[in-house]
Amino acid sequence: MNILSVQSHVTYGYVGNSAAVFALQRLGHQVWPIHTVAFSNHTGYEGWSGQVFTADHVRDLVDGLEARGLLRHCDAVLTGYLGSLELAHAILDAVDKVRTANPDAVFACDPVMGDRDGGLYVRAGLPEFFAERAIAAANIISPNHFELEQLAGEQIVSRSQAISAASRILSAPASQSLKAVVITSLAHEDVQSGEIEMLAVSREGTWQLTTPFLAMDPMPSGAGDLVSALFLAHSLSGNDPATALAQTGSSVFAVLSETQKTGSRELELVRAQDKLASPDRRFKAIQIT
């Protein structure tokens with residue numbers, strides 16, 4: 001499969017495209033990366049250098065692909081951190097162009113906005129863009145707990161609330177193309193100590209995947225980007241949401257396990273590359289609705 005991945009890029013570390021491209025290629029997919037930013041390192045460090053690319057930059061690259069006649073061969077578009085509202089609109093234009101060339105192309109949107117520890121860290125207008133525009137165009141969205149709260153407009157403290165919020169998003173009149181809401185990390189009152197939970201919510205049901213929580217200080221960035229890429233990859237391979245969730249969660253756990261062993265602040269993607277395709281510990285997704 002050919003995947004157009006429009007995300008951030010860092011020279012050092014594994015977030016955004018720096019995580020997604022390698023993981024997708026390791027699973028056998030062709031990836032066409034377009035970077036929304038190019039930073040020396042992710043912003044969890046005390047400082048970084050680099051720049052946010054303009055909407056025209058992204059449009060120029062997409063136009064170049066279109067001129068080569070390549071968009072009709074694009075099977076999916078994956079998006080992550082966007083950088084600006086203007087850039088977000090340019091990316092939706094790119095999705096429209098891909099779907100004009102290939103109506104069967106899948107759009108997987110990771111609505112990167114922030115997290116529970118740091119709150120919002122995107123520019124003004126982007127939360128509304130995700131809630132009002134991106135969801136309407138997407139086939140798969142993969143918010144974390146905090147981002148689901150932003151999309152739903154409410155605080156979520158239980159699994160049932162999370163499922164209800166995701167189900168409302170799926171059933172909204174504007175969300176006809178949306179097939180799955182993948183909640184990449186869910187912390188709530190029902191989760192046992194030492195565990196972390198992921199959910200895949202579709203119109204056919206809800207699946208829960210629970211894995212041990214691997215404590216690290218600081219926690220490495222990029223796990224959510226990896227989840228989004230892997231779930232898309234396994235979905236494109238013809239798997240149902242339960243199988244895609246199980247394969248994704250098992251591989252991410254394997255990568256985090258290797259990261260914890262080395263004490264690295266960055267995901268040990270290269271060290272764990274074989275486990276992306278064949279994790280040594282497999283977790284099962286359980287249908288709960």
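Values below: all heavy atoms of this structure, side chains included; hydrogens, waters and symmetry mates excluded.
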*Could you tell me whether the side chains of Ser160 and Ser158 share a donor-acceptor contact shorter than 3.5 Å?*
yes

*asked:* Tell me whether Ser142 contacts the main-chain N or O of Ser228 through its side chain, where contact means a donor paired with an acceptor under 3.5 Å.
replied: no

*Measure the acute angle between the ring planes of Phe39 and Trp48, then classify it against the limits of 30° and 60° as parallel, tilted or perpendicular.*
tilted

*What are the two closest heavy atoms between Phe130 and Val112, and how far apart are they?*
CE1-O, 3.5 Å

*asked:* Between the side chains of Arg168 and Glu154, is the shortest nitrogen-to-carboxylate-oxygen separation below 4.0 Å, so that they form an ion pair?
replied: yes

*Are Phe253 and Phe283 close enough that their ring centres sit under 6.0 Å apart?*
yes

_Could you check whether atom CD of Glu128 has more than 12 heavy atoms from other residues, nucleotides or ligands sitting under 6.0 Å from it?_
yes

*asked:* Can you see whether His145 engages Ser185 through a side-chain donor-acceptor pair at a distance of less than 3.5 angstrom?
replied: no

*asked:* Ignoring hydrogens and geometry beyond distance, is a side-chain donor-acceptor pair present between Thr210 and Glu195 at under 3.5 Å?
replied: no

*Verify the cluster assignment for Val157 and Leu199: are they in a single hydrophobic cluster under the rule of side-chain heavy atoms below 4.5 Å apart?*
no

*Side chain Ser278, main chain Lys275, donor-acceptor under 3.5 Å*: no

*Could you tell me whether a side-chain N or O of Asn17 sits under 3.5 Å from a main-chain N or O of His9, the two making a donor and an acceptor?*
no

*asked:* Has Glu147 got a side-chain atom pairing as donor or acceptor with Met113's backbone, closer than 3.5 angstrom?
replied: yes

*Verify ring-ring contact (aromatic ring centres under 6.0 Å, His included) between Tyr45 and His42, making sure each step is shown before the conclusion.*
CA-CA 6 Å; Tyr45 290 92; His42 68 69; 4.7 Å; yes

Below 3.5 Å, can you tabulate the donor-acceptor pairs from side chains in residues 72-84 to any protein atom, sequence neighbours excluded?
unit_1, atom_1, unit_2, atom_2, d
Arg72, NH1, Gly69, O, 2.9
Asp75, OD2, Asn2, N, 2.8
Ser84, OG, Leu87, N, 3.1

_Closest non-hydrogen atom pair between Ile135 and Ser175, with its separation_ = CG2-OG, 3.4 Å

*Do Asp240 and Thr243 have a side chain donor and acceptor closer than 3.5 Å?*
yes

